[in-house]
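To start, the structure under review is shown below, and the notes come after it.
Just follow the structure's listing: the first ligand is 1, and inside any ligand the first atom is 1. Because the structure is predicted, anything quoted here is derived from the model rather than measured.
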Amino acid sequence: MPSHPHAATLGNQYRGDRVLLSWLARNLPRPVFEAIDTDLDALGAHAARAWTEARSCSPSEPILTRFDAWGERIDRIESTPVWQRGAALSARYGLVAAGHDATHGEFSRCDQFARVYLHHVASEFYTCPLAMTDGAATALKASANQALIERAVDRLTSRDPTRLWLSGQWMTELTGGSDVSASETRARLDEHGQWRLHGRKWFTSALIGDMALTLARPQGACDGADALALFYLETHDDSGRWNGIRVDRLKHKLGTRELATAEIHLDGALAIPVGGLERGVRLIAPMLNVTRTWNAICALATMRRCIALATSYAHQRVAFGRRLIDHPLHAATLADMQADFEAAFQLVFHVAHLLGRSECGIADDHEKALLRLLTPLAKLWTGKLAVRIASETCEAFGGAGYIENTGIPQLLRDAQVFPIWEGTTNVLALDALRAIGSVGLQPLLRAGDRLLAESLQAPASGELVPAIEAIRHALQRAAEWLQHNSTDPDALQAGARGLGYTLARTLAAALLVRHAVAVIGENGERRPSHALLRFIARGLTDLSATEKMPAVDLLDPPSN
Ligand code: MFK
């Protein structure tokens with residue numbers, strides 16, 4: 001299909017991604033990089049092709065058929081064409097398997113998430129069920145429930161599309177998505193001594209999958225989160241019939257429309273406790289941490305796609321006698337987006353590396369504590385950043401950015417899910433606060449100090465000394481802020497977002513410094529250091545000192 005002379009074009013999304021290529025080259029051992037290069041190249045080519053193809057056909061959404069012609073309840077969900085090819089592609093490129101594969105040791109998660117990053121936008125959010133599949137495999141492995149591990153983990157991490165299982169993660173009920181302690185689903189023992197689930201799940205993504213992990217309150221248990229148990233269930237019985245599951249309807253959503261998100265009733269679904277009959281939130285936490293990392297990777301992928309499109313357009317579109325890219329204000333706007341993206345990239349891929357190190361047993365206690373803290377920080381910051389960059393991208397296209405079939409508005413609608421699912425920004429900020437409560441801020445401060453000390457050793461560090469000082473200062477301010485509010489839990493909570501942004505941005509900057517001085521030393525490449533200076537110039541801290549100011553009285557109560 002010939003493209004309009006002003007339409008944004010995309011080349012191979014791997015070969016054209018300077019940031020990804022240079023991160024992989026610097027962080028992966030050469031043999032690992034060489035081993036995955038061909039697959040990444042293919043995924044990068046697929047991403048470009050998929051974007052062009054999607055522009056030439058009408059959008060398609062999943063369809064729920066609840067009854068057959070004879071009135072029999074069937075609840076059949078028909079997926080979009082891209083989703084129908086999802087399992088084959090995911091298995092072929094090991095989008096889940098690569099993360100669980102021991103071949104690349106501590107770099108397995110880097111390998112996996114580079115694949116996911118390249119594929120996310122083309123996948124039409126097939127990455128959602130894949131994230132939950134990965135999370136389920138991780139949670140089951142951590143559970144030590146040998147029978148369930150043997151039954152499911154091999155399938156969840158399979159590279160054979162005919163064996164690959166997808167998992168759901170059904171947590172959200174009508175009572176709320178954040179406060180799962182209010183969950184109303186009950187687990188009762190039937191006459192055969194088997195657990196049966198009864199209740200309503202209000203947001204279930206990946207109902208097309210084969211299994212799910214879900215929370216329920218066992219009979220006789222008291223109220224509260226600790227009394228919830230984690231259950232494993234398979235969506236269909238051996239004859240292919242739904243396992244006590246009724247699909248009420250598919251959600252009508254702002255974005256992620258190719259993803260069949262359903263409301264369901266559990267009417268006696270057969271289920272197996274993953275661990276004991278309580279403390280299910282604790283058992284599902286490994287799943288949450290993995291899906292939050294996927295969220296950060298996919299948010300990053302969205303930023304990269306937005307910037308690639310906006311930059312391509314800016315090189316072609318002429319206004320006021322010159323190309324958009326030649327207008328200083330427009331170029332500066334895009335460069336600010338790129339600088340944010342480059343810093344975020346460093347943070348998110350560092351989390352991926354730490355996860356890999358932790359899972360293969362070589363992370364020390366500091367690294368484990370750092371991973372616990374950085375996971376919510378990476379999720380909360382990148383979720384918001386993706387929305388801001390997608391919104392700027394719409395604007396960078398002018399009126400065309402508001403027209404559906406350019407594909408640009410969908411990027412914004414889809415991006416808005418990142419700060420919501422898997423824990424909103426505030427839930428994640430409070431989770432980070434909880435992590436600081438248990439592991440302290442020391443692991444992050446120490447990691448920051450080490451990165452800066454390492455950077456200062458590099459011959460090229462001279463020009464970045466002011467940046468290094470700014471990062472030191474930001475770390476110190478965050479520590480002082482925490483200390484200052486340490487005896488006031490309400491102030492800590494009210495300022496948790498600002499603290500979260502500050503810590504995420506500051507550690508990202510420290511990682512970017514290390515990267516920048518290394519690549520200057522290796523090949524004189526100065527773009528990472530330009531990104532760093534631009535990123536820091538707009539300030540690292542977000543500690544606005546409003547945490548003790550009255551808030552509720554500013555907000556008029558509803559009038560009847
Ligand atoms: C394409 C991108 C991919 C993304 C795909 C996503 C598709 C998603 C569709 C969905 O399912 S969205 C629904 C996601 N739901 C959430 O993320 C829940 C949001 N709410 C929270 O995270 C709440 O903070 C939480 C439910 C955890 C609060 O529950 P509790 O029970 O009030 O929390 P509590 O008492 O703080 O924690 C209970 C235990 O879990 C504690 O351990 P102990 O019992 O040993 O003290 C905590 O330390 C532990 N815990 C909680 N969060 C943890 C954690 N441990 C490690 N990591 C965490 N993140």
Side-chain angles (χ1 to χ4, degrees), residues 95-96 113 116-117 119-121 123-136 138-139 142 166-173 175-183 201-207 209 212-215 223-228 230 251 253 255-256 258-262 275-276 278-302 348 358 368-369 371-380 382-383 386 414-415 417-439 496:
L95 296 182
V96 175
F113 284 125
V116 172
Y117 164 83
H119 185 54
H120 167 66
V121 180
S123 85
E124 296 187 349
F125 275 85
Y126 198 80
T127 40
C128 168
L130 294 177
M132 294 187 282
T133 300
D134 187 352
T138 308
L166 294 180
S167 174
Q169 167 195 306
W170 302 345
M171 290 183 76
T172 303
E173 301 199 0
T175 45
S178 299
D179 180 7
V180 302
S181 67
S183 297
K201 296 287 175 183
W202 187 235
F203 276 86
T204 56
S205 293
L207 201 60
L213 296 184
T214 190
L215 295 168
D223 290 344
D226 279 355
L228 290 167
L230 181 62
K251 296 281 194 189
K253 295 171 289 177
T256 69
E258 298 94 342
L259 167 64
T261 304
E278 55 185 9
R279 305 189 69 189
V281 173
R282 188 163 221 298
L283 287 173
I284 207 170
M287 180 172 201
L288 289 180
N289 288 333
V290 164
T291 51
R292 286 169 183 174
T293 307
W294 276 73
N295 201 90
I297 290 285
C298 297
L300 202 59
T302 299
V348 175
S358 172
K368 286 185 205 156
L371 175 64
R372 171 67 186 93
L373 178 54
L374 289 186
T375 304
L377 292 178
K379 194 282 184 188
L380 76 86
T382 56
D414 284 350
V417 84
F418 294 126
I420 297 177
W421 69 7
E422 288 311 310
T424 60
T425 309
N426 285 357
V427 163
L428 271 291
L430 296 176
D431 185 52
L433 209 53
R434 181 169 42 206
I436 291 172
S438 67
V439 302

Within 4.0 Å of some non-hydrogen atom of V427, the atoms of ligand 1 are 19 (C), 20 (N), 21 (C), 22 (O), 24 (O)

Counting heavy atoms under 4.0 Å, the part of N289 that contacts ligand 1 is side chain

Any heavy atom of L288 under 4.0 Å from ligand 1? The part involved is side chain

Consider every N or O of Q169 and every N or O of ligand 1, then say whether any pair is closer than 3.5 Å. yes

So the atoms of ligand 1 within less than 4.0 Å of a heavy atom of T127 turn out to be 1 (C)

Ring pair (Phe, Tyr, Trp, His ring centres under 6.0 Å) filter on Y126, not counting sequence neighbours, yields W83

At under 4.0 Å between heavy atoms, what of D179 touches ligand 1? The answer is neither

Atom 45 (O) of ligand 1 has as its nearest protein heavy atom R282 NE, 2.3 Å

Within 4.0 Å of some non-hydrogen atom of G177, the atoms of ligand 1 are 15 (N), 18 (C), 19 (C)

If we number the atoms of ligand 1 from 1 as shown, the ones under 4.0 Å from a heavy atom of C128 are 5 (C), 7 (C)

When distances are taken from atom 46 (O) of ligand 1, the protein heavy atom at minimum range is R279 NH2, 4.2 Å

Looking only at protein heavy atoms, what sits closest to atom 31 (O) of ligand 1 is A225 CB, 3.0 Å

Ligand 1 to T172, heavy atom cutoff 4.0 Å, flagged ligand atoms 13 (C)

* To do: Keeping the roles fixed (side chain from T175, backbone from A182), state whether a donor-acceptor pair exists under 3.5 Å.
  => yes

min-distance protein heavy atom vs atom 22 (O) of ligand 1 -> R292 NH2, 2.9 Å

Contact region, D431 to ligand 1, non-hydrogen atoms below 4.0 Å, reads side chain

Margin query: Check this for me, if you would: do D431 and R372 make a salt bridge, where the nitrogen-to-carboxylate-oxygen distance has to be below 4.0 angstrom?
Written below: yes

Near V180 (heavy-atom distance under 4.0 Å), the atoms of ligand 1 are 26 (C)

Numbered in order shown, the ligand 1 atoms found under 4.0 Å of a heavy atom of E422 are 6 (C), 7 (C), 8 (C), 9 (C), 10 (C), 11 (O), 12 (S), 14 (C), 17 (O)

Does S178 have a non-hydrogen atom less than 4.0 Å from ligand 1? yes

closest protein heavy atom to atom 36 (O) of ligand 1 is R434 NH1, 2.3 Å

